[in-house]
Protein chains: 2
Amino acid sequence: MEFPHKKQYYKQAKPILVAVDCIIFGFNQSTLQLLLFKRKIAPFLGAWSVIGSFVQEQESTSDAAIRVLQEHTGLENIFLDPLALYSDPERDPGARVISQAYFSLIHLEDEALNKVETHQARWFDLKDTPSLMLDHNIMVQDALDKLRTKARYSPIGFELLPEKFTIPQLQLLYEAIYQKELDRRNFRKKILSMGLLDKLDEKDKSGSRKGAFLYQFNAENYQKMVKEGVDFIL
Amino acid sequence: MEFPHKKQYYKQAKPILVAVDCIIFGFNQSTLQLLLFKRKIAPFLGAWSVIGSFVQEQESTSDAAIRVLQEHTGLENIFLDPLALYSDPERDPGARVISQAYFSLIHLEDEALNKVETHQARWFDLKDTPSLMLDHNIMVQDALDKLRTKARYSPIGFELLPEKFTIPQLQLLYEAIYQKELDRRNFRKKILSMGLLDKLDEKDKSGSRKGAFLYQFNAENYQKMVKEGVDFIL
DNA sequence: AAAGGTAAGCGTTTGTTTTACACTTGTAAA
DNA sequence: TTTACAAGTGTAAAACAAACGCTTACCTTT
């Protein structure tokens with residue numbers, strides 16, 4: 001079916017500015033980090049905010065989110081999860097703007113750290129986050145809630161760690177997400193029983209004299225589990 | 001802070017038409033039902049679609065969803081859960097329109113049934129759903145997936161049943177959602193152990209000679225559970 | 001008035017998962 | 001070669017889930 005004259009339909013409706021905002025979490029040693037940058041346009045010029053942009057005419061909101069992440073941080077191939085649409089008519093005093101928020105988790109390796117810093121973005125320890133403009137504080141809180149929920153039924157941890165990681169590292173991450181301590185032995189047992197980790201021959205000795213074996217996430221098995229509808233509750 | 005001249009900001013950005021669509025599920029005896037209506041504007045005049053509308057200048061998307069549900073069905077005080085934002089530039093050949101979908105569950109009592117039918121909307125058995133316009137088929141599928149997921153960690157069942165209901169009724173509902181049979185005795189045990197049901201003195205004798213006791217959902221206990229972070233996995 | 005049929009409701013047994021906690025191992029530094 | 005310390009293994013008790021047999025209430029049929 002062809003619609004050569006798009007403009008003829010929906011004349012009575014009033015268009016609205018649409019933006020995307022990305023709440024990006026990273027994990028470093030034992031703390032969650034949040035990616036922020038200094039706003040470059042008025043109003044709120046110079047205020048801290050999460051990374052965002054307006055949605056252009058020929059892109060979906062997820063395309064826009066991918067684009068803006070690339071523009072502001074140089075990062076690519078990052079998985080973005082829709083968080084919520086923020087649409088209060090009064091949320092932005094600059095204009096009627098609705099914003100689709102996305103959230104994402106990334107490996108905090110040296111590369112990611114450096115790329116980001118050369119693009120006017122900055123990592124903050126989640127506990128030292130400055131006050132953000134507009135409703136961005138709420139977005140971050142919502143993203144945290146969603147992160148915790150999501151961590152219960154999806155192997156989210158692996159998105160936040162480097163390709164090779166140790167079990168104690170993985171545990172620290174879950175402890176940071178849930179904000180509570182877990183039993184070392186039970187954690188190991190449970191996570192290994194899922195069959196999602198491939199043990200490597202290498203050890204990481206940065207954490208102890210003995211050193212801890214490195215593991216890799218087995219994405220193939222994970223796909224199988226998802227297909228079979230298996231739960232991933234930690 | 002005052003911004004008397006809203007128009008001066010964000011000049012470079014291009015506004016987009018924003019719509020809401022509501023995927024409304026009901027439950028009747030033992031089958032899930034879907035609320036649809038015949039579209040009244042071009043393009044796709046006369047096609048079956050879920051209930052929707054454009055978002056107006058001074059309302060949030062959730063306000064718009066509540067409004068449109070009221071306008072099309074006469075129903076009020078319905079809980080609407082955000083589903084997803086559909087933003088593909090090509091999704092509507094009539095214009096660039098993005099749509100925030102909501103989904104909701106309602107009690108299928110006589111009142112709701114009748115109200116709806118006098119407002120040009122119609123209930124379909126989920127299995128007999130006609131093909132829908134645009135991406136509405138996808139929305140319905142996404143809503144179903146979300147319904148199943150949500151049913152795992154939230155006492156969603158109670159939204160779909162009348163105020164007073166029997167345990168066998170509740171079980172039929174869960175069986176319709178999960179599409180599989182559950183053990184009568186274990187279901188009863190588990191659901192009662194949660195402390196979310198208040199037993200009444202009345203019986204409903206429509207289903208059997210013996211009759212089944214009616215129960216009510218205890219919203220207060222549920223709030224407590226949510227606050228304490230307890231899971232509700234069925 | 002008694003017998004029969006049927007869904008509602010209750011309890012027990014068995015197997016699995018979670019929790020709690022004690023002990024052993026490997027390695028760099030003293 | 002001893003020490004310190006995180007990494008890693010094992011096990012018993014408790015809680016939970018799955019499977020399934022039996023009893024109860026009440027209408028219908030005879």
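Only heavy atoms go into these numbers, but all of them, side chains included; no hydrogens, no water, no symmetry mates. Given the structure is predicted, the values throughout are model-derived calculations rather than measurements. Every chain is numbered from 1, with letters handed out A, B, ... down the list of sequences.
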(message) Between A:Lys205 and C:dA28, is there a contact of a side-chain N or O with OP1 or OP2 at under 4.0 Å?
(response) yes

(request) Using modelled atom types only, decide if a donor and an acceptor are shared between the side chain of B:His136 and the backbone of B:Leu132 within a distance under 3.5 Å. (result) no

(request) Send over the distance from A:Met194 CE to C:dT17 C1', rounded to a whole Å. (result) 12 Å

(request) Starting at atom NZ of B:Lys190, determine the distance to atom P of C:dC10, rounded to an integer number of angstrom. (result) 19 Å

(request) Could you tell me the separation between the NZ atom of A:Lys203 and the P atom of C:dT25, rounded to a whole number of Å? (result) 13 Å

(message) Whole angstroms only, please: what is the NZ-P distance between B:Lys189 and D:dG21?
(response) 14 Å

(message) Assuming nearest nucleotide by heavy-atom distance, tell me which of B:Thr166 and B:Arg209 is located more 5' along DNA chain C.
(response) B:Arg209

(message) Please report the distance, rounded to the nearest Å, between CG in B:Asp204 and P in C:dA7.
(response) 14 Å

(request) Rounded off to whole Å, could you give me the CG-to-P distance for the B:Asn186 and C:dA8 pair? (result) 16 Å

(request) Working to the nearest 0.5 Å, report the span between CG of B:Leu83 and CG of B:Leu144. (result) 10.0 Å

(message) Given the structure, check if the side chain of B:Arg185 and the base of D:dA18 hold any donor-acceptor pair shorter than 3.5 Å.
(response) no

(message) Between P on C:dG9 and CZ on B:Arg188, what's the gap in Å once rounded to a whole number?
(response) 4 Å

(message) On DNA chain C, does the nearest nucleotide to A:Asp183 precede the nearest nucleotide to A:Lys210 from the 5' side, or the other way round? Give the residue.
(response) A:Asp183

(message) How about CD on B:Glu163, more than 12 heavy atoms from neighbouring residues, nucleotides or ligands closer than 6.0 Å, or not?
(response) no

(message) Between P on D:dA7 and CD1 on A:Ile167, what's the gap in Å once rounded to a whole number?
(response) 10 Å

(request) Please determine if A:Arg122 forms a cation-pi arrangement with A:Phe124, meaning its NZ or CZ atom is less than 6.0 Å from the six-membered ring centre and no more than 45° off the ring axis. (result) yes

